[in-house]
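First up is the structure itself, then whatever we jot down about it.
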Amino acid sequence: MIRLRILEILEEQNHTKYWLYKQMDLSYQNFNRIVNNETSSIRFDNLEKLSTILHCSIDDLFEVTNEENTDEMG
């Protein structure tokens, strides 16, 4: 499974979710889904914004895990 590392990056940089939310210009519902890995897609422009705001590469935003997405199974 591929997941976003936004919460980890925020912690590493001593920023809060609220701080990032104010920078992103998204509805809170959409923002929360992205940050909490509760979405199956993300727009390219949002990836670009995250990368710019967090001063990291787009590659840094993702990690591959061994977890399976149980929501889509059976």
### Query
Under the ring-ring contact (aromatic ring centres under 6.0 Å, His included) test, which residues partner Y28, sequence neighbours left out?
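Y28 satisfies ring-ring contact (aromatic ring centres under 6.0 Å, His included) with Y21 once adjacent residues are dropped.
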### Task
Using side chain to side chain contact (heavy atoms under 4.5 Å, CB included) as the criterion, point out the one residue from K22, M24, Q23 that pairs with F31.
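Of the listed options, the one satisfying the test is M24.
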### Query
Should I42 and M1 be regarded as members of a common hydrophobic cluster, given that ILVMFWY residues are connected when their side-chain heavy atoms come within less than 4.5 Å of each other, either directly or indirectly?
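As far as the 4.5 Å side-chain criterion goes, M1 and I42 are not connected within one cluster.
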### Linked, directly or transitively: F62 and L20 (ILVMFWY side chains, under 4.5 Å)
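Both belong to a single hydrophobic cluster.
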### Query
Quick one: does E63's side chain have a donor or acceptor within less than 3.5 Å of a partner on R5's backbone?
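Looks like no, no N/O pair under 3.5 Å.
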### Any donor-acceptor pair under 3.5 Å from N32 side chain to Q29 backbone
no
### Query
How long is the gap from CD1 on I6 to CG on D60, to the nearest 0.5 Å?
12.5 Å
### Query
Measuring from L4:CG to I58:CD1, what's the distance to the nearest 0.5 Å?
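Answer for the CG-CD1 pair, L4 versus I58, is 11.0 Å.
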### Query
Do other residues, nucleotides or ligands put more than 12 heavy atoms under 6.0 Å from Y18 OH?
no
### Task
Taking atom CD of E11 as the centre, report whether more than 12 heavy atoms of other residues, nucleotides or ligands fall under 6.0 Å from it.
no
### Query
Do the side chains of R33 and L26 get nearer than 4.5 Å, heavy atoms only?
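SC-SC contact between L26 and R33 ruled out.
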### Query
Considering only heavy atoms from C-beta outward, does the side chain of I9 approach that of H15 to under 4.5 Å?
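Not touching, per the 4.5 Å side-chain cut-off.
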### Summary
On a heavy-atom basis, the closest approach of T39 and I34 is CG2-CA, 4.0 Å
### Query
Does anything in residues 44-53 pair up under side chain to side chain donor-acceptor pair (under 3.5 Å), and if so which pairs, sequence neighbours excluded?
R43-D45
